[in-house]
Amino acid sequence: MLHETLYRGYERLLTGEVKKHGLPRHIAVIMDGNRRYADRVRIMRYYGHIYGARTTEQFLEWCWELGIKQATIYAFSTENFSRPETERAMIFELITKKLDELADDPRTHERRMKVLVIGEVHRLPSDLQDAIRRVEDATRSYDGNHLNIAIAYGGQREILDAVQDMAREVREGKLHADEIDETIVSRHLYTNGVAVPDVDLIIRTGGDIRTSNFLPWQANGSECAAYFCAPFWPEFRKIDFLRAIRVYQMRECEQKQSALIRTVNMLAACGSAEIDGVVGLFRGAKSRN
Ligand code: FPP
């Protein structure tokens, strides 16, 4: 009881703190540790995924509550295809159910939430492909919140498929090779015409410190902030989420400071007469942070 009261107090404190600074626009999450959680608390692994899906729902609520409009979740990687048949079938069934719930949930429509699935959808069972079509069709016209779900997704494969698409268009005369830039590549990723924007913060639970082929173009390309934490996904709490946002904010602040330092150094190197003013500006910004 005391623990719960302290937890709520700390959660309120952190919420107040993170709201004072700029928030990430796009958070991506690697939801790791469902099976290890199940093993630790001695329940069937199936329930580890069920509890994990519950955390996913809470995580999305936390994002929308704070006004973070883009979230991308890693539900099934191409590497996950090597899992035993029964486990794969169970995860696909769970994701199918969750997609159907999303399509029917009044909150999806009140929030005008657009759901987009990225990945090699053709490799998935037909029931799941149908559920993907249903939820994408039901939310296609929305532009409030954006939920991107990576299923049968691998980052290198995504880039490779984009390269092959562009090569085909060049061959057919629809695209000039020297026109290809970051925007054109983004448009050829798994997006159904709506590019998944750059990620500002990537979160991984379960203790591993790597990003496992997740959004290499959208996250690593933009050098986003990363938050790796020990809790398994089913035990990820709101305070972990808020701490992750604090890491993003600290990084933003460091980046602004180093940009200022670079500017000061550059002006000093140029021997500008305005150095004193710039140094004053820098000190002011530093004391505010
Ligand atoms: C990673 O834990 C989790 C998965 C592979 C499945 C995640 C899927 C969900 C939580 C459902 C998604 C919900 C929606 C809304 C589409 P793991 O199995 O790799 O666990 P481990 O690291 O302990 O082996």
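Ligands are counted one by one from 1 in listed order, and the atoms in each one are counted from 1 as well. Numbers for residues simply follow the sequence, beginning at 1.
With respect to atom 15 (C) of ligand 1, the closest heavy atom belonging to the protein is Lys98 CB, 3.8 Å. The protein heavy-atom contact nearest to atom 8 (C) of ligand 1 is Ala75 O, 3.8 Å. With hydrogens left out, the protein atom closest to atom 18 (O) of ligand 1 is Arg83 NH1, 2.7 Å, a heavy atom. Closest to atom 24 (O) of ligand 1, if we only count protein heavy atoms, is Arg35 NE, 2.8 Å. With hydrogens left out, the protein atom closest to atom 1 (C) of ligand 1 is Met31 O, 3.0 Å, a heavy atom. The single protein non-hydrogen atom nearest to atom 16 (C) of ligand 1 is Ile95 CG2, 4.0 Å, given as residue, atom name and distance. Of the protein's heavy atoms, Asp32 OD1, 2.7 Å lies nearest to atom 22 (O) of ligand 1. Here the heavy atom of the protein found nearest to atom 11 (C) of ligand 1 is Ala53 CB, 4.0 Å.
Ligand 1 has no atom lying under 4.0 Å from any heavy atom of Gly206.
Using a 4.0 Å cut-off between a side-chain N of Lys or Arg and a carboxylate O of Asp or Glu, Lys238 and Glu65 qualify as a salt bridge. The pair Glu11-Arg8 meets the salt-bridge criterion, with a side-chain N (NZ, NE, NH1 or NH2) lying under 4.0 Å from an Asp/Glu carboxylate O. Glu136 and Lys114 are not joined by a salt bridge, as no carboxylate oxygen comes within less than 4.0 angstrom of a charged side-chain nitrogen. Salt bridge annotation for Glu57-Arg54: absent, with no cationic side-chain nitrogen under 4.0 angstrom from a carboxylate oxygen. By the 4.0 Å N-to-carboxylate-O rule, Arg237 lies close enough to Asp240 to be salt-bridged with it. Between Glu252 and Lys256 there is no salt bridge, since none of the side-chain N atoms of the basic residue sits less than 4.0 Å from a carboxylate O of the acidic one.
The N/O atoms of Arg36, backbone and side chain alike, include one that comes under 3.5 Å of an N/O atom in ligand 1. An N or O contact shorter than 3.5 Å is missing between Leu102 and ligand 1 by distance.
Between Tyr248 and Tyr227, a ring centre-to-centre spacing not shorter than 6.0 Å is recorded. You'll find the ring centres of Tyr153 and Tyr74 inside the 6.0 Å limit.
The distance from ligand 1 to the heavy atoms of His49 drops below 4.0 Å at these ligand atoms: 6 (C), 18 (O). For ligand 1 and Thr56, the ligand atoms under 4.0 Å from any heavy atom of the residue are 10 (C).
Between His146 and Val115, every side-chain heavy-atom pair lies at or beyond the 4.5 Å cut-off.
With Ile149, Val135, Asn34 as candidates, the residue nearest to atom 3 (C) of ligand 1 on a non-hydrogen basis is Asn34.
Residue contacts with ligand 1, taken as heavy atom pairs separated by less than 4.0 Å, involve Asn80 solely via side-chain atoms from C-beta onward.
Judged by the 6.0 Å distance and 45° axis criteria, Arg88 is not positioned over the aromatic ring of Phe81.
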